[in-house]
Trainee: 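First the structure, then my questions, so here it is.
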Amino acid sequence: MGARGGSGVYVGRRAAALVAAVLLALLAALLALAALYGRCRGEEAPPAPPSLPDGAAGGAGVPGGPPGVPSWRRLPRHLLPLHYDLELWPRVRPGQAGPFSFVGQVNITVRCRQDTRAAVLHSAGLRIRGAAVRGPLPEPGDAVWGSLPNPGVVVEVPELQEAAGEVAVLELRGRLQAGRRYVLQLGFQGRLEEDLDGLFLTRYTDQGRSSMLIASQLEPTYARTVYPCFDEPAMKATFNIRIIHDPSYVALSNMPAIDTSEMKDENGSLWTVTTFKTSLKMSTYITAFVICDFDYVTRTERGNEIRIWARKEAIKNGYVDYALNITGPIFSFLEDLLNISYPLPKTDLVALPDFGAGAMENWGLMTFQESSLMYLPSDKFTSRKAMIAIIVSHELGHQWFGNLVTMKWWNDLWLNEGLASYFEYLGATFVEPRLSLDKIFYDHVVQPVLREDNEVGVRSLSQNEDKIKGSFSLISLFDSITYNKGASITWMLSGFLTEKLFIKALNLYLKEFSFSNANQDDLWTHIQMVVDAQDEVHLPASVKKIMDSWTCQNGFPVLTLNITTGTISQEQFLNKKNENTSTDSYNNTWIVPISWMRNGSSQPLIWLDKSSKFFPEMQVSESEYDWILLNVNLSGYYRVNYDQLNLKRLVHLLENDPKAIPAVSRFQLLDDVFALTQFGYIQIETALELTKYLAREDELFIWNVVLLNLVPENLESTLKNYEVYPLLKKYLLKRMLPIYHYYAGFIRQNVDALEHDYFAKVYLEKLFATACWLGLQDCLDLSYELYTKWMDNPQYKIPFLIRRTVSCYGVALGSDKEWNFAWEMYNHTDSTKEDKDILLSAMSCAKESWLLHRYLQYGLSDTLFSSNCTSIIISYVVTKDIGHRIAWDFVTENWPLLNERYGKELLHDVLKVMGRFVNTDVQIQELQVFYNTTLEEDERVTATLLLEFAKVENVERRQLLTKVADWLHKNVDD
């Protein structure tokens with residue numbers, strides 16, 4: 001499925017922290033148990049299927065279900081699918097009102113592996129009619145493959161039952177014989193919903209006309225909602241697909257269309273029948289169907305016909321031209337790299353106006369949320385082009401990792417998603433060479449998952465099959481652990497093997513398991529084969545033992561280096577501040593590859609394969625110029641904690657020659673020390689020492705990680721209430737001025753020169769926002785100057801790179817005139833959704849309280865705003881310096897109306913922000929009074945605990961900021 005931003009099935013663990021406060025003791029105990037027992041296995045075979053006795057339909061009955069109906073989490077292996085003849089007929093006409101439905105017929109050729117009197121397969125939400133079983137069939141050579149032979153013997157189906165677990169059971173009068181082939185014939189009917197799963201309908205506007213289309217999303221287990229099938233990834237088969245549709249639409253599927261004909265329904269109405277070529281052997285979840293009236297653009301790459309389908313106006317305006325131009329080259333790049341040709345004759349990419357998955361890799365018919373494929377002229381200064389390259393590359397990577405070779409079961413989903421997430425960056429940087437592979441990979445992949453994969457109870461990358469229970473368990477696997485951690489350990493694996501050996505091993509793996517399935521042990525085995533056949537790379541243990549330590553354990557290690565003794569030790573990186581978490585309780589040990597440099601010279605790779613180890617080469621001299629850097633360019637998936645002596649030498653080095661340390665390693669150093677501070681390994685003063693050199697730092701992505709830690713967005717308004725603000729202002733501005741003036745010069749004189757500066761597109765806004773927040777006069781002047789220029793000429797476009805900051809401070813530095821202009825532009829018909837959001841935020845930046853009062857009152861109006869804007873307006877106002885009190889008063893005064901519209905969720909959102917301003921018992925009491933009059937008893941208990949938690953958090957924050965202020969007092973003039 002699509003890369004993170006689009007795939008979308010993630011749970012923010014930071015957000016879960018408040019809930020943890022409510023059930024702290026119980027939750028900590030449960031999670032600790034989960035961590036202790038969350039170990040992976042030596043890969044085991046799938047459980048043997050429950051036996052079907054000769055005279056019975058099934059085993060144990062389903063509680064509350066029909067007697068005799070088995071309840072299986074996995075299908076038995078008595079029948080294996082070989083081929084599907086599938087006909088789908090969505091009964092939809094253009095402009096037709098709902099409800100909608102679809103009908104179909106599927107004939108499944110199966111091989112019987114064990115005598116049985118029942119056929120068990122998946123079906124969910126379908127009404128099955130006319131079930132029959134025919135056979136045994138003649139063997140291949142006696143029959144025409146892909147169509148039914150002479151009907152032969154009919155095995156009577158006296159009963160069809162639906163069991164728990166989305167299973168249908170065909171109870172048979174006779175017995176199916178092992179070794180013979182049969183055909184299961186099932187007619188079916190289902191509802192066509194607008195829920196973006198299974199086979200769905202979606203509405204959109206094209207060239208001013210309302211239209212609708214039908215598309216599918218079948219991963220992980222939605223194929224069974226479209227047609228009865230053996231819906232497990234390892235039960236691959238070939239498919240003949242036929243789609244009946246309205247003549248004004250075109251039908252697409254995995255393979256090229258080979259015939260179109262006409263038919264009439266029972267009312268004499270005309271329909272088109274599109275028949276597709278027989279597919280390759282594939283899993284059910286990558287079968288795909290689209291019925292639409294889109295246009296397309298096309299090109300051919302090495303015989304592969306590539307078409308991109310989209311709304312007619314998008315095609316006409318050239319919005320998908322960029323995606324078309326890069327798709328072929330990425331295909332060729334991956335073919336050449338992996339040395340395995342793409343096996344299909346065509347590839348369709350479809351830009352869907354509404355698509356929940358973000359993107360989906362269906363073989364030969366990839367589907368995308370249209371924003372993931374469309375590049376507009378107005379996107380020139382956004383990161384959209386790079387994101388399109390990354391997402392397209394991800395889905396193309398799946399054509400090998402996921403489609404050609406598929407994981408045996410969902411517990412090894414990372415073999416699909418982790419490998420595709422790794423190759424997405426290789427493909428993207430191939431077609432966009434200005435992107436720095438190592439910088440963007442660490443910034444987008446490794447650093448975010450290191451921030452998440454550090455809590456007790458976070459699952460391991462690969463798990464025992466028994467842990468995957470039900471559809472919710474499957475969907476929860478599509479998270480950043482699978483995608484980002486999977487890609488990160490792949491990056492590490494490629495690093496210590498060398499890319500040459502890694503790609504050679506992948507080639508063997510792909511060839512061995514083409515059109516089949518594999519588990520992670522299969523991958524380890526083929527890597528081991530390549531390692532054993534050469535003499536250049538030597539490993540301290542088997543590939544399986546090394547890699548299982550990373551995929552079968554949750555979390556990751558922090559390495560502690562002592563350059564005096566030359567020892568490196570490891571432990572699981574966990575929060576030492578959490579009283580319920582003792583890292584001593586977790587004896588996890590990883591086999592860690594350590595890339596390192598000494599005094600700027602790269603050193604041979606070393607391995608840490610125990611909890612602590614002595615390395616004589618790590619002992620340094622007394623010279624302050626003798627320093628060591630571990631995990632160079634973040635080649636390994638871990639953090640590093642240096643002793644004070646080495647840190648002092650690194651600080652000295654950064655102040656005198658920062659480029660002596662590679663940019664990614666500088667980013668890593670800073671990210672590590674702030675994470676180590678947050679989790680109680682080191683003091684904040686140690687982290688601050690590493691920021692002294694920043695006046696010489698010219699990398700925006702490094703500045704961004706510093707600012708996110710020192711000036712987090714959710715604390716900007718709060719920090720101004722503390723003594724630390726004027727000190728931080730003086731300290732940071734002194735260091736920010738060089739990089740600020742560098743980019744301000746481009747904004748004033750030649751903003752077009754930044755078109756290809758990826759990190760400027762992503763992070764320049766944060767730099768300018770912080771400069772203005774710190775009161776840098778040039779930043780304030782520039783913002784007001786550009787905003788005034790826009791007011792004088794509404795056709796002028798504020799540079800998108802800093803549009804949000806300029807709009808905010810343009811309003812903040814003005815009066816009602818500037819605010820009213822923002823209001824006028826918000827209501828302008830040409831304003832895009834993104835422009836409107838920027839202006840909604842900007843109007844909350846007003847410094848005159850009466851303007852904020854008026855703004856909030858506007859938010860209550862049904863005529864001025866859509867209903868979902870009210871909560872957005874409140875959330876923007878409550879985060880501002882003078883706005884938090886105004887917003888709180890507004891919420892309490894208008895609670896009956898707000899509660900009717902938004903319920904308790906709005907209050908909880910406001911509380912999360914208000915909690916940052918709760919500093920005294922009086923404030924706690926004030927909020928408590930409000931809860932007592934508005935919330936139910938159980939909600940009052942929860943809200944009170946949240947407030948107490950906020951109060952404790954604020955006390956800790958004050959203590960931390962006092963330390964920061966003390967340090968700044970001593971170092972602000974350095």
Side-chain angles (χ1 to χ4, degrees), residues 44-53 56-62 65-66 68-84 86 106-126 128 131 133 155 157 159-172 175-176 178 180-186 188 198 218-239 281-287 406-413 464-474 516-517 519:
E44 54 213 41
S51 177
L52 287 176
V62 182
V69 178
S71 173
W72 293 306
R73 187 168 50 81
R74 299 282 295 277
L75 292 179
R77 293 309 192 257
H78 302 89
L79 302 177
L80 290 183
L82 303 175
H83 179 78
Y84 291 77
L86 173 63
V106 64
N107 300 336
I108 312 173
T109 303
V110 299
R111 173 79 64 186
C112 182
R113 298 180 63 200
Q114 179 181 336
D115 285 7
T116 182
R117 291 181 180 273
V120 184
L121 71 166
H122 286 115
S123 176
L126 298 173
I128 298 176
V133 178
V155 183
V157 183
E159 188 173 5
L160 186 151
Q161 299 191 53
E162 292 188 12
E166 303 176 335
V167 166
V169 181
L170 282 65
E171 297 192 26
L172 309 176
R175 180 194 307 163
L176 304 186
R180 304 305 301 271
R181 293 184 304 127
Y182 297 84
V183 175
L184 314 182
Q185 298 180 319
L186 303 106
F188 55 91
L218 305 188
E219 189 181 24
T221 56
Y222 296 113
R224 65 192 67 173
T225 71
V226 181
Y227 57 98
C229 58
F230 294 83
D231 196 14
E232 295 189 7
M235 302 184 88
K236 291 188 172 184
T238 56
F239 290 77
K281 191 177 179 184
M282 63 185 187
S283 304
T284 50
Y285 78 86
I286 54 172
T287 55
T406 312
M407 74 273 149
K408 285 182 179 177
W409 186 242
W410 299 101
N411 61 312
D412 278 330
L413 178 62
N464 192 299
E465 291 185 14
D466 292 338
K467 291 204 167 194
I468 313 301
K469 298 178 180 179
S471 57
F472 179 78
S473 293
L474 291 185
S516 185
N517 300 78
N519 58 35

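The chain is numbered in sequence order, starting from 1. Because the structure is predicted, anything quoted here is derived from the model rather than measured.
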Trainee: How many angstroms lie between atom CD1 of Ile108 and atom NE2 of His83, to the nearest 0.5 angstrom?
Mentor: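 It is 10.5 Å, given to the nearest 0.5 Å.
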Trainee: Taking it one step at a time, do Tyr227 and Thr287 satisfy side-chain hydrogen bond (donor to acceptor under 3.5 Å, both in side chains)?
Mentor: CA-CA 11 Å; Tyr227 57 98; Thr287 55; 3.0 Å; yes
Trainee: Which distance, rounded to the nearest 0.5 Å, do you find between the CG of Leu184 and the OH of Tyr84?
Mentor: 9.0 Å
Trainee: How long is the straight-line distance from CG of Asn411 back to CG of Asn519, given to the nearest 0.5 Å?
Mentor: 8.0 Å
Trainee: Say whether Thr406 and Tyr285, considering side chains only, have a donor N or O and an acceptor N or O under 3.5 Å apart.
Mentor: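 No, Tyr285 and Thr406 have no side-chain donor paired with an acceptor closer than 3.5 Å.
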Trainee: Any side-chain heavy atom of Leu172 sitting closer than 4.5 Å to one from Tyr182?
Mentor: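 Leu172 does not reach Tyr182 side chain to side chain.
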Trainee: Give a yes or no on whether the backbone of Ala178 and the side-chain of Asp115 come within a donor-acceptor separation of less than 3.5 Å.
Mentor: yes
Trainee: Can you check whether Leu186 reaches Leu170 side chain to side chain, under 4.5 Å on heavy atoms?
Mentor: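 Result yes, sub-4.5 Å side-chain heavy-atom pair found.
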Trainee: Is the shortest heavy-atom distance from the side chain of Thr284 to the side chain of Met235 under 4.5 Å?
Mentor: no
Trainee: Within the structure provided, determine whether Val106 and Cys229 are in side-chain contact (heavy-atom separation under 4.5 Å).
Mentor: no
Trainee: Could you check whether any side-chain heavy atom of Leu176 comes within less than 4.5 Å of a side-chain heavy atom of Val110, counting everything from C-beta outward?
Mentor: no
Trainee: I want to check something: taking the side chain as every heavy atom from C-beta on, are His122 and Glu232 in contact at a cut-off of under 4.5 Å?
Mentor: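 SC-SC contact between His122 and Glu232 confirmed.
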Trainee: So do Val167 and Leu75 actually touch side chain to side chain, heavy atoms under 4.5 Å?
Mentor: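 Yes; the side chains approach each other to less than 4.5 Å.
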Trainee: Rounded to the nearest 0.5 Å, how far does CG of Leu82 lie from NZ of Lys281?
Mentor: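 Rounded to the nearest 0.5 Å, the NZ-CG separation comes to 8.0 Å.
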Trainee: Looking only at heavy atoms, what is the nearest atom pair of Pro233 and Lys236, with distance?
Mentor: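 Closest approach of Pro233 to Lys236, heavy atoms only: O-CG, 3.6 Å.
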Trainee: Is Pro220 close to Trp410 at the side-chain level, that is, under 4.5 Å between some pair of heavy atoms?
Mentor: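 Trp410 vs Pro220: side chains touch.
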